[in-house]
Amino acid sequence: MLILNCPYCGESADETELAPGGEAHLRREGPESQDEAFESYLFHRSNPKGVHFERWRHAFGCGKWFIAARCTATLEVFGTYAAQTSCPPQEIVDKISERRPDRRGASGS
Amino acid sequence: MRKRQFDGGIARIEDVEGYGMVSLRVSAETALRRARPQRGQACWEGETTTLWMSPDELLFLCPRAEVAGLLRDLAQDLAGVHHLAADVSSARALFDVRGRNALEVMAKLMPIDLSPQKFSPGRVRRSRIGQVAAAIWMQQDGALRVICFRSVADYVWDLMVDAARPGTEVGAF
């Protein structure tokens, strides 16, 4: 059972209250981009066993989108934060490096 | 529709009719000329209950005759401010659940912490009942109020009555 704390309403939301939105921190490739980059933006998703950044919507609650950093293998949740960010906030990055010291790269990729 | 009442089980459940509801969408920073509830809370002003629905959404419950006046007041208070105030009186159904086991009955149906230490008068929680969206809050007298969309009111009613069947106390709280 996954329980995420919604950063907007502050409630502990059970997984069944949430709607999944897939990988977070994707960069949109616009009309000027290369075909490969656009294809990647549309279709290519990372599917890590380990730390992952995901979008979730508190569908049965306040209705807001937020981002969760969690481990897909252990279901450990490192934190949740507002969706209006292009990269994870420092406190989340610190928490992850504290819990997973041998993990390389602090961003979502 | 006839007003329903269920009184034979471990909690008393009834329809609450006659309420008007006004939904207000306005940024969290906007000051209102009326009480604005804290996050996850309800507040009362006269006969009006105000529910915190999300950072930028409030729901007012008032006697149906006062809806027009409330909308007028809001339009006046928020003139020039980007907002949306709408009469949604017919959108939702309202229930009253009371009795010693009221919290327990609702805890059977909702994936939220309804222990009396956590859920006290003034607390509002939007979540789901069974498979549909619903919100629950506690009145000042300790009774629970439940709202859900009117289209699923019968489904919610049946679930609540089933969860309140005689002899189904869990004793969790």
Side-chain angles (χ1 to χ4, degrees), chain A residues 1-26 28 52-92 95 108, chain B residues 23-29 36-43 50-59 84 86 88 91-92 106-115 117-120 122-138 146-149 151-152 155-156 159:
Chain A
M1 180 81 69
L2 182 64
I3 295 178
L4 298 175
N5 192 60
C6 172
Y8 293 97
C9 62
E11 309 284 5
S12 291
D14 179 271
E15 187 179 344
T16 58
E17 265 184 58
L18 304 166
E23 189 178 350
H25 302 307
L26 297 176
R28 182 176 175 275
H52 196 28
F53 298 83
E54 291 170 325
R55 300 168 71 231
W56 287 90
R57 192 170 88 89
H58 196 186
F60 282 110
C62 63
K64 303 294 182 198
W65 284 99
F66 62 90
I67 300 177
R70 68 175 185 114
C71 176
T72 56
T74 65
L75 292 196
E76 177 177 0
V77 176
F78 304 106
T80 53
Y81 49 96
Q84 288 77 20
T85 47
S86 51
C87 61
Q90 194 55 42
E91 50 169 345
I92 303 280
K95 180 97 188 285
Chain B
S23 170
L24 174 66
R25 284 246 179 203
V26 67
S27 83
E29 295 78 33
R36 186 165 190 162
Q38 300 285 310
R39 184 161 90 158
Q41 299 285 321
C43 67
T50 310
L51 307 179
W52 188 95
M53 300 294 271
S54 84
D56 56 357
E57 184 183 359
L58 299 174
L59 185 69
L84 173 73
V88 293
R92 292 181 173 95
M106 296 316 298
K108 291 181 192 178
L109 304 172
M110 306 180 80
I112 58 178
D113 187 353
L114 283 172
S115 58
Q117 298 82 20
K118 293 274 177 66
F119 209 83
S120 48
R123 184 82 168 80
V124 183
R125 180 70 159 84
R126 282 179 97 175
S127 180
R128 63 178 177 88
I129 292 178
Q131 305 198 35
V132 299
I136 184 170
W137 71 99
M138 192 183 272
V146 174
I147 49 170
C148 65
F149 286 115
S151 56
V152 293
Y155 168 76
V156 168
L159 281 180

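All heavy atoms count here, side chains included; hydrogens, waters and symmetry mates do not. All chains are named by letter (A, B, ...) in the order of the sequence lines, taking the proteins before the strands, and each is independently numbered beginning at 1. What you see is a predicted model, and the numbers here were worked out from it, not measured in a lab.
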What residues of residues 130-137 of chain B make heavy-atom contacts with chain A at a cutoff under 4.5 angstrom? B:Q131, B:V132, B:A133

Taking only residues two or more places apart in sequence, or in another chain, which ones meet A:Y81 in a ring pair (Phe, Tyr, Trp, His ring centres under 6.0 Å)? A:H25

Basic-acidic side-chain contact under 4.0 Å: A:E11, A:K64: no

Which residues share a side chain to side chain donor-acceptor pair (under 3.5 Å) with A:E76, sequence neighbours left out: A:R99, A:R100

Of all residues at least two apart in sequence or in a different chain, which pass the salt bridge (Lys or Arg N to Asp or Glu O under 4.0 Å) check with A:D14? none

Rounded to the nearest 0.5 Å, how far does SG of A:C62 lie from CD of B:E57? 9.5 Å

Can you tell which of B:R36, B:Q41, B:R39 makes a side chain to side chain contact (heavy atoms under 4.5 Å, CB included) with B:W52? B:R39

